[in-house]
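A quick write-up on the structure given underneath.
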Amino acid sequence: MMTPIDVRAVLFDLDGTLLDTVPDLHAAVCGMLADLGRPALPLDAVSRYVGRGVANLIKRALADSLDAADDGSPAPADALASFRRHYARENGRRAQFFPGVREGLEAIRGMGLPMAVITNKAGMFTGPLLEMTALAEFFSVVVSGGDLPRHKPDPMPLTWACGRLGVSPADALFIGDSVNDFLAARAACCRVFLLPYGYNEGRDVRELDCDAIVPDIVSAARLIRRREP
């Protein structure tokens with residue numbers, strides 16, 4: 001059994017960590033493809049394409065390939081507009097909590113630890129999703145894709161969130177489900193736990209040298225202690 005770690009804040013990814021949002025994203029992607037005269041993609045393909053923000057999801061979906069370049073270039077304007085229109089309608093309609101999420105968040109809040117969400121999802125969708133799922137009450141800081149010049153796997157969103165929470169990144173734990181979460185946490189010098197059930201571009205998170213693989217957020221909470229200032 002792993003010895004609990006002492007932290008002063010806990011940071012979370014959103015899609016694939018707290019909520020299963022792929023059904024909503026799949027519906028929006030297929031709506032976009034239909035608008036463009038393209039065939040629909042299966043759910044598992046869209047699941048693999050999630051994780052690097054809307055522009056990259058769209059480029060991957062249009063190419064039906066993970067190899068679509070994450071080069072910072074914008075998605076085609078017509079595809080982006082179509083996706084946003086469809087996702088504004090689909091966002092949260094089918095989203096489900098992963099097991100143990102609310103119980104785990106309650107346990108961490110009960111320790112008096114501040115929490116943040118750091119996601120590559122666009123802010124126009126993040127806020128409404130957190131509100132409709134009643135998750136917003138848990139987080140004093142929310143960082144969405146587009147809020148800062150760089151997004152995960154860059155460490156900037158994590159270090160910025162830690163600054164807002166008033167803690168050193170070395171005293172924070174980031175809980176996510178993907179290689180992008182892992183790379184961002186390591187670059188920010190945060191501890192990192194990974195969940196095996198999320199969206200990791202078809203890869204197994206057990207391949208990554210994280211601090212722990214946890215089956216759910218409740219199990220993560222059992223491995224955390226509050227570090228006093």
Side-chain angles (χ1 to χ4, degrees), residues 10-29 41-58 60-61 66 68 70 83 87 90-105 108 115-123 125-130 132-136 138-139 142-146 151-154 157-158 161 173-186 190 192-208 210-221:
V10 184
L11 320 175
F12 293 88
D13 174 53
L14 179 57
D15 298 65
T17 295
L18 301 178
L19 294 170
D20 181 5
T21 56
V22 159
D24 295 337
L25 291 164
H26 177 250
V29 164
L41 292 175
L43 185 90
D44 64 341
V46 173
S47 177
R48 291 194 302 275
Y49 299 159
V50 170
R52 289 180 179 260
V54 167
N56 203 52
L57 171 62
I58 290 170
R60 285 174 165 180
L66 274 170
D70 184 19
F83 175 85
Y87 195 50
E90 302 295 344
N91 185 26
R93 291 181 67 183
R94 303 168 189 81
Q96 297 288 328
F97 288 104
F98 288 108
V101 166
R102 290 197 65 89
E103 298 91 331
L105 293 175
I108 294 168
M115 291 182 279
V117 161
I118 301 171
T119 175
N120 287 345
K121 184 187 292 292
F125 303 123
T126 302
L129 182 60
L130 291 174
M132 73 177 66
T133 55
L135 283 176
F138 289 101
F139 305 108
V142 176
V143 185
S144 300
H151 56 75
K152 297 179 299 180
D154 191 276
L158 280 68
L173 169 68
F174 187 49
I175 300 177
D177 68 294
S178 73
V179 64
N180 297 317
D181 298 326
F182 170 79
L183 292 172
R186 282 289 184 250
C190 296
V192 56
F193 289 175
L194 295 175
L195 297 146
Y197 54 63
Y199 319 139
N200 190 34
E201 303 175 352
R203 298 173 58 184
D204 189 336
V205 293
R206 295 172 184 86
E207 300 170 3
L208 302 171
C210 59
D211 293 286
I213 300 290
V214 290
D216 49 46
I217 304 297
V218 172
S219 300

Original post:
At their closest point, which heavy atom of A161 faces which heavy atom of V143, and how far apart are they?
Top reply: CB-CG2, 4.1 Å
Subject >> The single option from N180, D13, T17, D20 passing side chain to side chain donor-acceptor pair (under 3.5 Å) against Y199 >> reply: D20
Original post:
How close do G104 and I217 get, heavy atom to heavy atom, and via which atoms?
Top reply: CA-CG2, 3.7 Å
Subject >> Shortest non-hydrogen contact from V205 toward P196 >> reply: CG2-CA, 3.8 Å
Original post:
Any donor-acceptor pair under 3.5 Å linking the side chain of D211 with the backbone of V192?
Top reply: yes
**OP:** For residues D154 and A184, report the shortest heavy-atom separation together with the two atoms involved.
**Re:** O-CB, 3.7 Å
Subject >> Point-to-point distance, once rounded to the nearest 0.5 Å, from CG of D177 to CZ of F193 >> reply: 15.5 Å
**OP:** Report yes if some heavy atom in the side chain of L14 is under 4.5 Å from a heavy atom in the side chain of L130; otherwise report no.
**Re:** yes
Original post:
Hey, mind stepping through D181 and S178 against side chain to side chain donor-acceptor pair (under 3.5 Å) and telling me if it holds?
Top reply: CA-CA 5 Å; D181 298 326; S178 73; 3.2 Å; yes
Original post:
Is a donor on one side and an acceptor on the other found under 3.5 Å between the side chain of H26 and the backbone of L41?
Top reply: yes
Original post:
How far does OG1 of T21 sit from CZ of R93, to the nearest 0.5 angstrom?
Top reply: 15.0 Å
**OP:** Step by step, work out the side chain to side chain contact (heavy atoms under 4.5 Å, CB included) result for R60 and L66.
**Re:** CA-CA 6 Å; R60 285 174 165 180; L66 274 170; 3.6 Å; yes
Original post:
Hey, mind stepping through I108 and F12 against side chain to side chain contact (heavy atoms under 4.5 Å, CB included) and telling me if it holds?
Top reply: CA-CA 12 Å; I108 294 168; F12 293 88; 3.7 Å; yes
**OP:** Work out which heavy atom in Y87 is nearest to a heavy atom in K121; give both atom names and the distance.
**Re:** OH-NZ, 2.6 Å
Subject >> R203 side chain vs L208 backbone, donor-acceptor pair below 3.5 Å >> reply: no
Original post:
Ignoring hydrogens and geometry, is there a side-chain-to-backbone donor-acceptor pair from K152 to P157 under 3.5 Å?
Top reply: no
**OP:** Mark yes or no for whether T133, through its side chain, and L129, through its backbone, hold a donor-acceptor pair below 3.5 Å.
**Re:** yes
**OP:** List the steps, then state whether side chain to side chain contact (heavy atoms under 4.5 Å, CB included) holds for F97 with L135.
**Re:** CA-CA 10 Å; F97 288 104; L135 283 176; 3.5 Å; yes
Original post:
Is there a donor-acceptor contact under 3.5 Å from the side chain of N120 to the main chain of G145?
Top reply: no
Original post:
What heavy-atom pair brings S144 and A122 nearest, and what distance separates the two atoms?
Top reply: CB-C, 4.1 Å
Original post:
How about E90 and P23: do any of their side-chain heavy atoms sit closer than 4.5 Å?
Top reply: no
Subject >> side chain to side chain contact (heavy atoms under 4.5 Å, CB included) between L195 and I175, worked out >> reply: CA-CA 8 Å; L195 297 146; I175 300 177; 3.9 Å; yes
**OP:** Check whether any side-chain heavy atom of L25 lies under 4.5 Å from a side-chain heavy atom of F83, and answer yes or no.
**Re:** yes
**OP:** Please tell me if the side chains of L18 and F139 come closer than 4.5 Å, counting only heavy atoms from C-beta onward.
**Re:** yes
Subject >> Side-chain H-bond candidate by donor/acceptor type, S219 with D216, under 3.5 Å >> reply: yes
